[in-house]
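First up is the structure itself, then whatever we jot down about it.
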Amino acid sequence: MMAETNYFDADKSDKNVPAVNSPWPQVRQALNYSSHLECVIDAFPTASVVWFKDDEPLNDTSRYQQPMQTRGTAATTFASTLVVLRTDYSDYGNYTCRAVNALGISAFTLQLGHSPLPILPMTRSTNLAPEPDRTNTRTPSFSGFVLGMLPPLCISVYIILHLSFFRSRYAEERTEEEGGDGLDEIVWEQGFKS
C-alpha cells in the first residue's frame, strides 16, 4: 500500500514568507487614461493581497478595478494587477502591494507618475518568466523599405506627370499664338534639332 502525500502539509522548509516585487516599480500615465500597477508575489502557503495608496487601503471601486490575480509558471507565484480606471491628479503617488500569509507580511511600493502622453499598459501577468532583452533587435526588411518609400514615390510620380501635362499644354498654346505646327520649337527646346 502506497502512502499518500499531502502537499499542503509539507514541512516548514517548503513554506515561505511572501516575497513581493514588481517588474515596473515606476509607472507613468496621462490624465483620463487607465493605469496598470502590477506586483508579483511568491509565497507558500498562498498569500492574500491588499493594495494601499499612501498607506490607506483602496476601497473605492468606482475609481479602482479590483486587483486581478493570475497564476505564474511556478505553483507559488502569482501576479496582482491594480487598475486605476481614469487617472486623475489625485491618483498620482505611491501605491503599496501588501501580501500576507500564515508565515508573515511583505510589501512593495510602486510609484504612479504623470506622463504628458498616454502609455500602453505594461503587464506581464500572462507570463511571469523573465523576458529576454529585446533592445536594438529590429532588422531592416525589404518590405519595410518598400512601404516606407511608397508615399514619396507616389508624390514624385504625380509631380512628374503633372509637369509633363503642363509642358505639353504650354507647347500647344505657344503654337496657336505663333501659328504653325510648333514642332520645330519643341524639338529645339529639347535639344534634338540638328
Side-chain angles (χ1 to χ4, degrees), residues 15-152 154-155:
K15 298 180 181 183
N16 63 324
V17 175
V20 184
N21 202 340
S22 176
W24 298 278
Q26 292 183 340
V27 177
R28 300 206 178 281
Q29 188 56 279
L31 289 171
N32 298 320
Y33 286 87
S34 64
S35 301
H36 295 247
L37 303 167
E38 180 179 41
C39 66
V40 178
I41 299 101
D42 183 24
F44 183 76
T46 302
S48 60
V49 177
V50 180
W51 282 88
F52 295 83
K53 179 181 185 312
D54 299 328
D55 298 325
E56 295 291 324
L58 296 176
N59 296 323
D60 187 3
T61 56
S62 65
R63 294 185 59 130
Y64 306 102
Q65 189 175 25
Q66 293 297 322
M68 300 178 292
Q69 297 190 3
T70 53
R71 283 276 165 211
T73 54
T76 60
T77 305
F78 65 97
S80 178
T81 304
L82 174 72
V83 180
V84 181
L85 295 176
R86 287 182 58 124
T87 306
D88 192 4
Y89 281 115
S90 63
D91 295 319
Y92 297 126
N94 294 323
Y95 288 80
T96 302
C97 172
R98 185 180 294 169
V100 180
N101 72 359
L103 299 176
I105 299 172
S106 185
F108 190 85
T109 300
L110 297 92
Q111 184 183 30
L112 176 60
H114 180 261
S115 170
L117 299 173
I119 298 174
L120 292 173
M122 305 274 292
T123 59
R124 201 187 301 184
S125 299
T126 54
N127 180 12
L128 298 175
E131 299 242 348
D133 183 21
R134 297 178 193 258
T135 56
N136 297 328
T137 57
R138 291 184 63 186
T139 55
S141 66
F142 179 72
S143 61
F145 173 75
V146 170
L147 289 175
M149 291 303 295
L150 198 55
C154 291
I155 292 170

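Not measured: the values here are computed from a predicted model.
With hydrogens and angles disregarded, a donor-acceptor distance shorter than 3.5 Å links the side chain of Q29 to the backbone of S34.
In terms of the side chain to side chain contact (heavy atoms under 4.5 Å, CB included) criterion, P116 has no residue partners (sequence neighbours excluded). For R63, the salt bridge (charged side-chain N to carboxylate O under 4.0 Å, His left out) partners at least two apart in sequence or on another chain are D91. Scanning for side chain to side chain donor-acceptor pair (under 3.5 Å) contacts around S22 gives an empty result, with sequence neighbours left out. Scanning for side chain to side chain contact (heavy atoms under 4.5 Å, CB included) contacts around V27 gives W24, L37, L112, with sequence neighbours left out. Considering only residues two or more places apart in sequence or on other chains, Q26 meets the side chain to side chain donor-acceptor pair (under 3.5 Å) condition with Q111. Annotation: side chain to side chain contact (heavy atoms under 4.5 Å, CB included) contacts of S48 (sequence neighbours excluded): V100.
Interatomic distance, I119 CD1 to H36 NE2, rounded to the nearest 0.5 Å: 12.0 Å. Atom CG of L110 and atom CG of N21 lie 9.0 Å apart (nearest 0.5 Å). To the nearest 0.5 angstrom, F52 atom CZ is 12.0 Å from L82 atom CG.
Contact record, A47 with F78: O-CZ, 3.4 Å, taken as the closest heavy-atom pair. Of all the heavy atoms in T87 and Y33, the pair that sits closest is OG1-O, 2.5 Å. Between V40 and P23 the shortest heavy-atom distance is CG2-CD, 4.0 Å. The shortest non-hydrogen separation linking V20 to A99 is CG2-CB, 3.6 Å.
A side chain to side chain donor-acceptor pair (under 3.5 Å) check over residues 97-108, counting only residues at least two apart or in different chains, returns nothing. Residue pairs meeting the ring pair (Phe, Tyr, Trp, His ring centres under 6.0 Å) criterion with at least one member in residues 79-118, sequence neighbours excluded: Y92-H114. Within the structure, no pair that satisfies the salt bridge (charged side-chain N to carboxylate O under 4.0 Å, His left out) test touches residues 41-54, not counting sequence neighbours.
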